[in-house]
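What follows is a short report on a single structure.
Both backbone and side-chain heavy atoms feed into the values below; hydrogens, waters and symmetry mates do not.
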Amino acid sequence: MSGPNSFSRVLVARLDSLGDVLIAGPAVRAAAASAKVTMLVRTGLDEAAEMLPGVDDVMGFDAPWVLFDPPPVRPHVIADLVAEVEARCFDAALVLTSFHQSPLPLALLLRMAKVPWIGAICDDYPGSLLDLRHRVPDGLPESERNLSLASAAGFVADEKGARLAVRRPLPDVTARVGAEPYVVFHPGAAVPARRPTAVHSRAIVAALLAAGHRVIVTGSADEATLTGFVASSAHMQAFDLGGRLSLPELAAVLAGAEVVVVPNTGPAHLAAAVGTPVVSLFAPVVPAQQWAPYGVPRVLLGDQQAACRNTRMRTCSVTDHPCLSSIHPREVVAAVAQLGAQQDVGAAEAATKGGLKI
């Protein structure tokens, strides 16, 4: 049987969103300890894949069987992917998926591209498409789930285990954020059901400002109108960086924050990857146990027993979005204070262990 010592060129595939690519990081690092790793990701997420330690190369492909906004199935696009994979002479592939996705369509294409060994988490009968049909218990955090596949393939996790990470150093963003402490509020999410309303987000920012925090609001270029609205209030103004940051710059802004307040979206996992505590405004359309930010101090807010629980609903069908609108701004202020106090205690303990007087 093949093992990691015989694999020199490994393809690691994760074909959906920014957060999913970041969560693939622990599995990538495990494979990269003994092989050259190419990541196959959705078109436009090259920058995210390149930020992962252990990634040597990136390929892009929009999978019609994965994306919420799928492209049509075009034979020439499929043929191009098969030809490119075959030309790169991979000797193994790990197909990473969420629990509701099948790895088998991609596994078929990889077989057509003459990849000799393929592993994936799969409940469906794979025939000859998989060499490793791995199964995991329900409810594992996604980063642990991905890493378990790499481990089952014989790759050894590094010292970080299933915790997320990005390449360092990050850009210097002092000119963007200034030198004083700050909290980041990120109001957006690609799936509407997972983000607070604009009015609610604005109220949270106003409460943070009133509590004495400097607040930096972040978002993509598509979210610039939202961030501009959220950052302004009647009496005080947050710093609006919506649409003004590259992904590495966003990582640096998150890394410099005392706390990040964010719904279930890619930047929540980016905050975890740079080690910043997170107040997670978590809509229960997917399980928090699997998808909340992993490996950093966090406070989870939101009604996890709401009617939308585990529905994977993309647009809220309940008036006023109660699973998130039930979060009072003062709860967010209290959660930020709680995480900040934990950080202060941790820093004091670390300094004491290092022989410093505080």
Side-chain angles (χ1 to χ4, degrees), residues 19 182-243 250 253-254 257-271 276-288 291-293 298-340:
Y182 61 90
V183 170
V184 166
F185 184 81
H186 187 97
V191 176
R194 299 181 190 176
R195 63 182 181 239
T197 66
V199 171
H200 191 197
S201 292
R202 191 181 195 184
I204 291 171
V205 169
L208 290 168
L209 290 168
H213 296 286
R214 287 179 70 234
V215 180
I216 292 173
V217 180
T218 58
S220 67
D222 292 340
E223 295 165 340
T225 299
L226 172 64
T227 62
F229 175 81
V230 167
S232 60
S233 69
H235 305 292
M236 294 171 284
Q237 183 76 33
F239 293 86
D240 176 18
L241 293 182
L250 175 60
V253 170
L254 298 178
E258 296 180 295
V259 177
V260 174
V261 182
V262 59
N264 179 21
T265 185
H269 303 295
L270 189 57
T276 302
V278 176
V279 176
S280 177
L281 311 178
F282 201 95
V285 291
V286 295
W291 290 102
R298 75 183 189 212
V299 174
L300 190 76
L301 299 177
D303 181 3
Q304 299 307 299
Q305 303 304 316
C308 61
R309 183 172 181 259
N310 295 340
T311 61
R312 302 205 302 273
M313 185 182 295
R314 300 192 69 220
T315 303
C316 183
S317 61
V318 184
T319 303
D320 295 330
H321 203 7
C323 69
L324 293 182
S325 62
S326 62
I327 302 169
H328 196 281
R330 66 171 172 263
E331 292 182 79
V332 179
V333 173
V336 168
Q338 176 186 333
L339 289 172

When you measure from the side chain of [X] to the backbone N and O of [Y], does any donor-acceptor pair fall under 3.5 Å?
X	Y	value
Gln305	Asp303	no
His200	Ser326	no
His186	Pro263	no

Closest heavy-atom contact between [X] and [Y]?
X	Y	result
Thr276	Ala257	CG2-O, 3.5 Å
Pro293	Val278	CG-CG1, 3.8 Å
Arg194	Asn264	CD-O, 3.7 Å
Val286	Asn310	C-OD1, 4.0 Å

Intermediate values then yes/no, side chain to side chain contact (heavy atoms under 4.5 Å, CB included), Thr227 and Leu241 | CA-CA 8 Å; Thr227 62; Leu241 293 182; over 6 Å; no

Option among Val259, Val261, Val336 that satisfies the side chain to side chain contact (heavy atoms under 4.5 Å, CB included) test with His213 | Val336

How far does CG of Leu209 sit from CZ of Arg214, to the nearest 0.5 angstrom?
-> 10.5 Å

Got a sec: does the CZ of Arg330 have more than 12 other heavy atoms crowding it under 6.0 Å?
-> no

Do [X] and [Y] make a side-chain contact, defined as non-hydrogen atoms from C-beta onward lying under 4.5 Å apart?
X	Y	value
Ser232	Arg202	yes
Pro267	Thr218	no
Trp291	Val285	no
Pro187	Pro196	no

Quick one: do Val260 and Leu270 satisfy side chain to side chain contact (heavy atoms under 4.5 Å, CB included)? Show the steps, please.
-> CA-CA 10 Å; Val260 174; Leu270 189 57; over 6 Å; no

